[in-house]
Amino acid sequence: MQRLFTGLQPSGSLHIGNYLGALKQTVELLKDADGLVMIADYHALTTLKDTEQLRKNIPEVVRDYVAVGMDPKKTIIFQQSSVSQHAELAWIFDCLVTVPFLMQAHAYKDKVAKGLEANAGLFTYPMLMAADILLYDTDIVPVGADQRQHVEYAREAAAKFNTAFGETFKTPQEKILESVAVVPGTDGKKMSKSYGNTIPLFGTKEEIQKAVMSIVTDSTGDRPENVYNIHRLFKSEEELDALYTEHKGKYKALKDALVEDIEAMISPMREKRASLSDADVKEILRDGAARAREQAEKKMVDVRQKVGVSI
Ligand code: ADP
Ligand code: TRP
């Protein structure tokens, strides 16, 4: 079985673009893989400096993972900070790579290009991510296209270590999730939390209604394109042709139909999410951390010996 590893930063609520564009495919891949999914809380610290917010977001990600269909008995769901071997290995990688090499990283370059000051954590972010991936002999890393470079950095870190100290780390491969096309937001642009045009994945029915009713419609074409383009993700072209012909010009009825379709997808997930108690979430994280730590420590015993700190 292939080993799958992926992670999400605990940085806020998911929208249907995240689900249809990425999470759904990861859940599919997990059916035939031995998987670990991580809550990248130490990575989040590179940008988030709000104690309460971080503390609140971490269990939310666990709920999201389980609600979209991950089985915590099978897949290891864990918090990065609970397995200190990640930070430990990241330090060793930091000592192997050069400053100019890390200066090529997009996340760092973008920040500097905007005239912002990058913290040292953001600068070495790729080496912590390399440690995440490499500790577990990962084969595949399902991520969005924006994370491709980070997986390349992980391969590079593995190669540098293997050259210096002998074969230790497996070479991971990114599995870029080709989105079901880009999911458009309520204004027709790409749905993104930074544009404020999202339909929340776990919103209440009222919140979904509100978001759908705010979809921008223009009265020039035959059908409201922005509504139709989201609707396409839920129904076949034939079904939509019939529906949009029947309700031609009646935007409210079409939006109501879209709300129903989104609800049908979300409501079972929402129920699953609500069925998890705080104690369940804690138990998932406790169990996940113990299972991840055991594997990570095994790898670190070898690494410490190879670099020479185990005497
Ligand atoms: P946001 O743009 O809201 O900040 P993220 O960058 O956190 O979203 O996205 C996490 C993952 O979800 C991405 O790697 C991408 O694959 C997927 N994703 C996000 N928005 C969309 C979208 N509008 N359509 C398709 N996939 C998306
Ligand atoms: N950097 C990823 C993001 O921002 C999150 C992440 C951290 C990750 N470690 C990972 C993803 C390891 C895949 C594998 O989305």
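Just the heavy atoms: all of them, side chains too, but no hydrogens, waters or symmetry mates, feed the values below.
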Item checked: Tyr153 side-chain N/O to Phe101 backbone N/O, donor-acceptor pair under 3.5 Å -> yes

Margin query: Is the shortest side-chain heavy-atom distance between Leu128 and Thr46 below 4.5 Å?
Written below: no

Next item on the list: Report the residue from Asp137, Asp34, Asp139 that forms a salt bridge (charged side-chain N to carboxylate O under 4.0 Å, His left out) with Arg3.
Entry: Asp34

Notebook entry, point to check: With the 4.5 Å side-chain cut-off for hydrophobic clustering, are Ile76 and Val37 part of the same group?
Noted result: no

Margin query: More than 12 heavy atoms of other residues, nucleotides or ligands under 6.0 Å from CE of Met103: yes or no?
Written below: no

Notebook entry, point to check: Do any N or O atoms from the side chain of Gln149 and from the backbone of His106 form a donor-acceptor pair under 3.5 angstrom?
Noted result: yes

Margin query: Could you walk me through whether Ile208 and Ile266 satisfy the side-chain contact (heavy atoms from CB on, under 4.5 Å) test, starting with their C-alpha distance in whole Å, then the side-chain angles of each, then the deciding distance to 0.1 Å, before giving a yes or no?
Written below: CA-CA 10 Å; Ile208 290 162; Ile266 292 178; 3.6 Å; yes

Margin query: More than 12 heavy atoms of other residues, nucleotides or ligands under 6.0 Å from NZ of Lys282: yes or no?
Written below: no

Next item on the list: Inspect the surroundings of NZ in Lys49 and state if more than 12 heavy atoms from other residues, nucleotides or ligands are less than 6.0 Å away.
Entry: yes

Margin query: Within the 4.5 Å heavy-atom criterion, are Arg223 and Leu243 side-chain neighbours or not?
Written below: no

Next item on the list: Answer yes or no: is there a donor N or O on one side and an acceptor on the other, between the side chain of Asn229 and the main chain of Glu225, under 3.5 Å?
Entry: yes

Notebook entry, point to check: Which atom names give the shortest non-hydrogen contact between Leu134 and Ala157, and what distance separates them?
Noted result: CD1-CB, 4.3 Å

Check: Are side-chain heavy atoms of Met129 and Gln147 found at a separation under 4.5 Å?
Finding: yes

Note to self: Run the side-chain contact (heavy atoms from CB on, under 4.5 Å) test on Glu60 and Ser13 for me, step by step, so that the C-alpha distance in whole Å, both residues' side-chain angles and the decisive distance to 0.1 Å come before the verdict.
What the structure shows: CA-CA 8 Å; Glu60 294 297 311; Ser13 314; over 6 Å; no

Check: In Å, rounded to the nearest 0.5 Å, how long is the span from OG1 of Thr98 to CD of Gln104?
Finding: 9.0 Å

Check: Mind checking whether Val301 and Arg304 have side chains closer than 4.5 Å, heavy atoms only?
Finding: yes

Next item on the list: Assess Lys306 against Phe165: is NZ or CZ under 6.0 Å from the centre of the six-membered ring, and within 45 degrees of the ring's axis?
Entry: no

Notebook entry, point to check: Going from CG on Asp64 to CE on Met269, what distance comes out if it is rounded to the nearest 0.5 angstrom?
Noted result: 10.0 Å

Check: Salt bridge between Arg232 and Glu239, side-chain N to carboxylate O under 4.0 Å?
Finding: no

Check: What closest approach, in Å, do Asp41 and Ser81 show between heavy atoms, and which atom pair accounts for it?
Finding: OD2-OG, 2.6 Å

Check: Does any N or O in the side chain of Gln80 come within less than 3.5 Å of the main-chain N or O of His43, such that one atom is a donor and the other an acceptor?
Finding: yes

Check: Same cluster for Val83 and Leu8 if Ile/Leu/Val/Met/Phe/Trp/Tyr side chains link at under 4.5 Å?
Finding: no

Item checked: Shortest non-hydrogen separation from Leu135 to Ala296 and the atoms involved -> CD2-O, 3.9 Å

Note to self: Less than 4.0 angstrom from a charged side-chain N to a carboxylate O is my criterion; do Lys114 and Asp110 meet it?
What the structure shows: no

Item checked: Pairwise distance CZ(Phe234) to CD1(Ile262) - rounded to 0.5 angstrom -> 4.5 Å

Next item on the list: Calculate, to the nearest 0.5 Å, the distance between atoms CG and NZ belonging to Asp261 and Lys235 respectively.
Entry: 3.0 Å

Next item on the list: Could you pull out the closest heavy-atom pair between Val97 and Lys160, with the gap in Å?
Entry: CG1-CD, 4.2 Å

Next item on the list: Check Tyr136, Tyr42, Trp91, Phe93 against His86 for a ring pair (Phe, Tyr, Trp, His ring centres under 6.0 Å) and give me the one that passes.
Entry: Tyr136

Margin query: Using side-chain contact (heavy atoms from CB on, under 4.5 Å), reason through Lys24 and Val68 one step at a time and then give a plain yes or no.
Written below: CA-CA 7 Å; Lys24 195 173 170 199; Val68 298; over 6 Å; no

Item checked: Over 12 foreign heavy atoms within 6.0 Å of NZ, Lys74 -> yes

Next item on the list: Say whether, by atom type as modelled, one donor and one acceptor occur between the side chain of Asp280 and the main chain of Ser277 under 3.5 angstrom.
Entry: yes

Check: Checking Asp32 side chain against Met1 main chain: does a donor-acceptor pair fall under 3.5 Å?
Finding: no

Check: Within the distance-only criterion (no hydrogens, no angle test), does the side chain of Thr6 pair as donor or acceptor with the backbone N or O of Pro142 below 3.5 angstrom?
Finding: yes

Item checked: Where Ile16 and Met265 come nearest, the two heavy atoms and their spacing -> CG2-CE, 4.2 Å

Item checked: Residue that, paired with Ile230, satisfies side chain to side chain contact (heavy atoms under 4.5 Å, CB included) out of Leu20, Ile199, Val183, Val212 -> Ile199

Note to self: I need the Glu297 CD to Gln85 CD distance, nearest 0.5 Å.
What the structure shows: 5.0 Å

Item checked: Validation row: Lys299, Leu89 side chains within 4.5 angstrom (heavy atoms) -> no

Checklist line | Side chain to side chain, Tyr125 and Leu102, heavy atoms closer than 4.5 Å | finding: no

Notebook entry, point to check: Taking the six-membered ring for Trp, are Phe78 and Phe5 parallel (under 30°), tilted (30 to 60°) or perpendicular (over 60°)?
Noted result: perpendicular

Item checked: Heavy-atom side-chain proximity of His231 to Ile215 below 4.5 angstrom -> no

Margin query: If you compare all heavy atoms of Thr138 against all heavy atoms of Leu4, which two are closest, and at what distance to 0.1 Å?
Written below: CG2-C, 4.4 Å

Next item on the list: Go through the steps for Tyr228 and Leu254 under the test side-chain contact (heavy atoms from CB on, under 4.5 Å), then give the verdict.
Entry: CA-CA 9 Å; Tyr228 186 87; Leu254 291 169; over 6 Å; no

Margin query: Can you tell me if Lys255 has over 12 outside heavy atoms packed within less than 6.0 Å of its NZ?
Written below: yes

Check: Would you say Leu48 and Ser11 make side-chain contact, with heavy atoms under 4.5 Å?
Finding: no

Check: Ignoring hydrogens and geometry, is there a side-chain-to-backbone donor-acceptor pair from Thr47 to Ala44 under 3.5 Å?
Finding: yes

Check: Would the number of heavy atoms belonging to other residues, nucleotides or ligands and lying under 6.0 Å from NZ of Lys210 be above 12?
Finding: no

Notebook entry, point to check: Any link between Leu54 and Leu122 through a network of hydrophobic side chains (Ile, Leu, Val, Met, Phe, Trp, Tyr) touching at under 4.5 Å?
Noted result: no

Note to self: Under a 4.0 Å threshold between the charged nitrogen and the carboxylate oxygen, would Arg63 count as salt-bridged to Asp278?
What the structure shows: yes

Item checked: Glu294, CD atom: more than 12 neighbouring heavy atoms under 6.0 Å -> no

Item checked: Joint hydrophobic cluster, Leu36 plus Tyr65, side-chain heavy atoms closer than 4.5 Å -> no

Checklist line | Rounded distance (nearest 0.5 Å) linking atom CG of Asp132 with atom CE of Met127 | finding: 11.0 Å

Next item on the list: Determine yes or no for a side-chain-to-main-chain donor-acceptor pair under 3.5 angstrom, with Glu207 supplying the side chain and Thr204 the backbone.
Entry: yes

